[in-house]
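Working notes for the structure below.
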Amino acid sequence: MSDNRFDPASADARWQAAWAKARCFEADSASTRPKAYVLEMFPYPSGRIHIGHVRNYAMGDVLARYKKMRGHEVLHPMGWDAFGMPAENAAMEKGVHPAGWTHENIATMRAQLQRLGFALDWSREFATCDPSYYGHEQALFLDLHEAGLVYRRSSAVNWDPVDMTVLANEQVVDGRGWRSGAPVEKRQLDQWFLKITAFADGLLEGLGTLEHWPEKVRLMQENWIGKSQGLQFRFDLSNGDSVEVYSTRPDTIFGASFVAVAPDHPVAQAVAMNNCDAGKFIERCKQGGTTAAELETAEKLGFDTGLGARHPFTQQHLPVFIANFVLMEYGTGAVMGVPGHDQRDFEFATKYALPIQRVVAASPDLADAPLTEAESGEGILVHSAFLNGMDVPTAKGAIIARAEAEGWGEGKTVWRLRDWGVSRQRYWGTPIPFVHCAQENGGCGTVPVPRDQLPVTLPEDVDFATPGNPLDRHPSWKHTKCPQCGGEARRETDTLDTFINSSWYFLRFASQPADKPFDAAEVAQWLPVDQYIGGVEHAILHLLYARFWTRALAACGKLDVQEPFASLFTQGMVTHETYRAGDGSWLSPGEVRRNGDDYLRVEDGTPVTLGRVEKMSKSKKNVVDPDTIIARHGADAVRWFMLSDSPPERDLPWSESGIEGCARFVQRLWRLFQQHDSNATGEDRALARKTHQSIAAVGEDIESLGFNKAVARLYELAGAIDKAPPSADRTTAIRTALLLAAPMMPHLAEEGWAAMGEAQRTGGLVADAPWPQVDPALLVEDEVTIAVQVKGKLRDTLIVPKDVPNPELEALALASEKVQRSLDGAPVRKVIVVPGRLVNIVA
RNA sequence: GCCCCUGUGGUGGAAUCGGUAGACGCGCUCGACUCAAAAUCGAGUUUCCUCGUGAAGUGCCAGUUCGAGUCUGGCCAGGGGCACCA
């Protein structure tokens, strides 16, 4: 320290070792302190930590360290979401084994996280590809099976006929396999499903209790679950058949002017048998895009089948269409069309010249007001026989009651949510613990592997040279004995969706006995997770599956928790400028140097075009490697940058000057710490006040995850200390600044703590030190600045002692020369006084 | 197409309740220190003008209010989500 600079290259590793040695961050389940479970979404070990991880984990780390300083027993674990396709892709491309590739990546990434000094409980670390993890997962799968929540049925997959393999949706590009380029086929396979739909109601209701989740995420889940209530009823057809339709607006039944069925509806198929135009139309419906935006803008097309559907009340025959906008998967695959009160039906009716009848109006005297577009809002029923005069909800109830009483329909709740297909025809996943016994005389069918034979482990000697599922191809692995009859049997070669791995890892972090997945009592102690932090890309699937899995385990009696994540935070991405060379190729930041307002290529000085600020991605080369910047600036500067400026839910633009500024501030604080003088005497009330205001503000900012604000407060406090002359209060302020900065810059804080002699005096690390106490008396200013406005415009400010009574304030304001000049003799009509804030004079 | 979010200086953003818009950082300008540089420190930095005791200003247009970045209505732009869901 001879050159009086903080040296992260030596300090970082030294304090990381000290924390590990003191086992500072190992959570004690036996502790009596209030618990705090802080969790960031665990990473997939793709190779290296990227800057987005650093931001995510820095946020959780600040909260974890802060909670510890506030006296909580903190659980802040880390592990690896280690199963998944990239490992198999690496195996195919580089000839490495998925397990070896994954474990190497984990070792690299663990070391990277450790270099950032995160306060993680590494004693609880695990990877989901450990048999000790996925074996317990198999046991839980059997629990769900016993509870009737697991079943098998045939379902379509994307089949690549060249690679002889099943493709994920993301592996299908423009209808072709991403590797082979062959057109993808739909193939029916028997697959495993979890009955998430059995929990639809609970998952929807539960959203209401998650007040500390972003509104946006709750809304997305609500839409995904998609509950609707309506009437399912039958139309008799002119050919003697009948068709079931479902409507959420059965109250508008008297406005129905047609019936539409999906192209793959049996009625449509039957028509197509005798009518080749219908067949052609059905074929045409199968083409075209499937995304919502494409479908919305696609023309609404129909084919008149010539059939009539008898209206249950008017007995009129409504035409039956095959329509491209009706989906077989939802409801009954058939709808009644009410053009007056559904925009899509309105467009359809206009196109095919069908009657448009108003049956809801704002008031009865508007019953015959013309319709220029569908009116789907509230109103009073008209032209609707016995429903006339009712409001929409009443009419809905009345029509459902009548349909049920007369037996031609019933009220029904329909969900968009579908059961969760968990079969993956892949190697690198949790083996599904079942065997198929296929003895010649019928066999025992699909039989669970007995629990004492778990885990069913993956074979290690697999080859990826040939396409297809290596488990299926393995010479011996799948051949086994039936646990029931002892006869020849075949192991299930599908593995579980990796979303299952991440659906209970937070339970295993809380409790990890060897003989069972977790201990319910210990889980109850830690759960729910008090703060969960991750990317918004997991807003629906991961978070919904984890909620479902938790509820399902609770239903099996394994748990006493309904909602696993009490509070959720979704952080923004890290972005960076993009650069392009003259030939249009992307350049990495290291290949570009700045010269005034121009950007030049380092190697040859040719001009570089500055592109948009975008999410860091390898393809655009606008990436920054955490290791490089840690080596250059130290872990604390990197952490500080990740927390500065941008609100955590928004994107954070990476900039070289920004990180340099952070590194500068690290040194500035270091210089400040060295001015800590325990012999200084004398008061500095203003600085003491600033100090205590900072303690309160930084604490509140961290608790509300407003890290950018906490950072700004620390800059302010540092500025105030800089300007203050030596005093006992200044010494306290320096010590306080160190403690307030400690969750964000822990290495610097420890180094300063030792340099100040506090480590020796308190006998401990900052990591174990308590958060400073706020003196409420010092939060209040003695003097306040009062804004003086004339007709709402600022004309003057007054500095007055606090608690000056209103009449006196008013008098002071009116006495102001600037106010008098501004009033220019006009009579004062009214004066508004906001104590401690302002005086507004209305003339 | 529908739903949601976001628009504040050159830039990232502050402004907890409707009460002094622009805290704090970055950048830039000027200065100090130095033989010089780095590092550091200090001052300035919304815009406009007639440079004042001035005017305007938080995407645009209205409105409510003594007072609007903040509330209401209508637009515009950018981003995200999606379900033709009957």
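Here is the naming used below: chain letters follow the sequence lines, and residue numbers restart at 1 for every chain.
Using a 4.0 Å cutoff on non-hydrogen atoms, the parts of residues 408-418 of chain A near RNA chain B are Arg416(A), ordered by number.
Rounded to whole angstrom, the span from the CD atom of Glu537(A) across to the C1' atom of G80(B) amounts to 12 Å. The separation between Leu838(A) atom CG and G18(B) atom P is 14 Å, rounded to whole Å. The distance from atom OH of Tyr715(A) to atom P of G25(B) is 7 Å, rounded to the nearest whole Å. Between Leu717(A) atom CG and C24(B) atom P the separation is 13 Å, expressed in whole Å. Going from atom CG of Asp264(A) over to atom P of C84(B) covers 14 Å, rounded to whole Å. The separation between Lys227(A) atom NZ and C85(B) atom P is 19 Å, rounded to whole Å. Counting to the nearest Å, the C1' atom of U40(B) and the CG atom of Leu669(A) are 15 Å from each other. Distance, Phe641(A) CZ to G25(B) C1': 10 Å, rounded to whole Å.
Taking the P atom of each, G27(B) and G12(B) are spaced 15 Å apart, rounded to whole Å. When the C1' atom is used for both A38(B) and A32(B), the distance is 16 Å, rounded to whole Å. Using atom P as the reference point in both A56(B) and A37(B), the two lie 46 Å apart (nearest Å). When the P atom is used for both C82(B) and U29(B), the distance is 46 Å, rounded to whole Å. Spacing of P atoms, G63(B) relative to C24(B), comes out at 36 Å, to the nearest Å. Taking atom C1' on both nucleotides, C51(B) is separated from C5(B) by 43 Å, rounded to a whole Å. U65(B) sits 16 Å from C17(B) when the C1' atoms are compared, rounded to a whole Å. Look at the C1' atom in both G9(B) and G57(B): the space between them is 10 Å, to the nearest Å.
For the pair Gly333(A) and Glu222(A), both in contact range of RNA chain B, the more 5′-proximal nearest nucleotide belongs to Glu222(A).
Scanning for side chain to side chain donor-acceptor pair (under 3.5 Å) contacts around Arg234(A) gives an empty result, with sequence neighbours left out. When the side-chain contact (heavy atoms from CB on, under 4.5 Å) test is applied to Val800(A), the partners found at least two apart in sequence or on another chain are Val784(A), Ile786(A), Leu798(A), Val804(A), Leu809(A), Leu812(A). Applying the side-chain contact (heavy atoms from CB on, under 4.5 Å) rule to His633(A) yields the partners Ile629(A), Ala637(A), Glu656(A), Ile659(A), Glu660(A), Ala663(A); only residues at least two apart in sequence or on another chain are considered. Partners of Lys615(A) under the side-chain contact (heavy atoms from CB on, under 4.5 Å) rule, at least two apart in sequence or in another chain, are Met573(A).
For Asn622(A) and Thr578(A), the side-chain atoms include no donor-acceptor pair closer than 3.5 Å. Side-chain N/O atoms of Thr575(A) and Asp651(A) include no donor and acceptor closer than 3.5 Å.
Heavy atoms of Thr785(A) sit under 4.0 angstrom from at least one base atom. Base engagement by Val326(A) is indicated by at least one non-hydrogen atom pair under 4.0 Å involving a base atom.
Nucleotide C30(B) carries an anti base; the chi torsion (O4'-C1'-N9-C4 or O4'-C1'-N1-C2) is more than 90° from 0. In this structure G9(B) sits in the syn conformation; its chi angle is within 90° of 0.
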Base versus backbone protein contacts along nucleotides 62-68 of chain B [heavy-atom cut-off under 4.0 Å; B, S, -]: ----BS-
Nucleotides 3-12 of chain B: protein proximity per nucleotide (B base, S sugar-phosphate only, - neither; heavy atom, under 4.0 Å): SS-SS----B
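Relative orientation of the Tyr545(A) and Trp420(A) rings is parallel, given thresholds of 30° and 60° on the angle between their planes. Note: Tyr352(A) and Phe321(A) have tilted aromatic rings, judged against thresholds of 30 and 60 degrees for the angle between ring planes.
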Check against side-chain contact (heavy atoms from CB on, under 4.5 Å), Trp415(A) and Thr197(A): CA-CA 8 Å; Trp415(A) 304 86; Thr197(A) 53; 5.8 Å; no
Derivation of the side-chain contact (heavy atoms from CB on, under 4.5 Å) call for Ile734(A) and Phe673(A): CA-CA 6 Å; Ile734(A) 292 171; Phe673(A) 294 164; 4.0 Å; yes
Worked check of side-chain contact (heavy atoms from CB on, under 4.5 Å) between Leu568(A) and Leu543(A): CA-CA 10 Å; Leu568(A) 173 73; Leu543(A) 288 165; 3.7 Å; yes
Derivation of the side-chain contact (heavy atoms from CB on, under 4.5 Å) call for Val320(A) and Val243(A): CA-CA 10 Å; Val320(A) 177; Val243(A) 60; 5.8 Å; no
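Distance check: Gln693(A) CD to Leu717(A) CG gives 10.5 Å after rounding to the nearest 0.5 Å. Here the CG-SG distance, from Leu643(A) to Cys662(A), works out to 9.0 Å after rounding to the nearest 0.5 Å.
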Pair assignment for RNA chain B - dot-bracket with | for other-strand partners, Watson-Crick or G-U under 3.5 Å: (((((((..(((......[....)))((((((.......))))))((((..).)))..(((((..]....))))))))))))....
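Nearest approach of Ala309(A) to Val259(A), heavy atoms of both residues: CB-CG2, 3.9 Å. In terms of heavy-atom proximity, Ala787(A) sits nearest to Leu794(A) at CB-CD1, 3.7 Å. Of all non-hydrogen atoms in Pro319(A) and Ser257(A), the two that sit nearest each other are CD-O, 3.4 Å.
Taking 4.0 angstrom as the limit, Arg671(A) places a side-chain polar atom (N or O) nearer than this to OP1 or OP2 of C41(B).
The ring-ring contact (aromatic ring centres under 6.0 Å, His included) analysis of residues 706-726 of chain A, with sequence neighbours excluded, yields the pairs Trp640(A)-Tyr715(A), Phe665(A)-Tyr715(A). Applying the side chain to side chain donor-acceptor pair (under 3.5 Å) definition to pairs two or more places apart or across chains, those involving residues 214-226 of chain A are Glu215(A)-Arg218(A), Gln221(A)-Arg547(A).
Looking at Arg713(A), its side chain never comes within 3.5 Å of a backbone N or O of Gly699(A) through a donor-acceptor pair.
Between Phe348(A) and Phe258(A), the distance from one ring center to the other falls under 6.0 angstrom.
The side chain of Met220(A) lies closest to G81(B), out of G19(B), C26(B), G81(B).
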Under 3.5 Å, which N/O atoms of the protein pair with N/O atoms of nucleotides 15-17 of chain B?
{"residue": "A15(B)", "atom": "OP1", "partner": "Lys709(A)", "partner atom": "NZ", "Å": "3.1"}

Which pairs, protein N/O on one side and nucleotides 55-57 of chain B N/O on the other, fall under 3.5 Å?
{"residue": "A56(B)", "atom": "OP2", "partner": "Lys793(A)", "partner atom": "NZ", "Å": "3.3"}

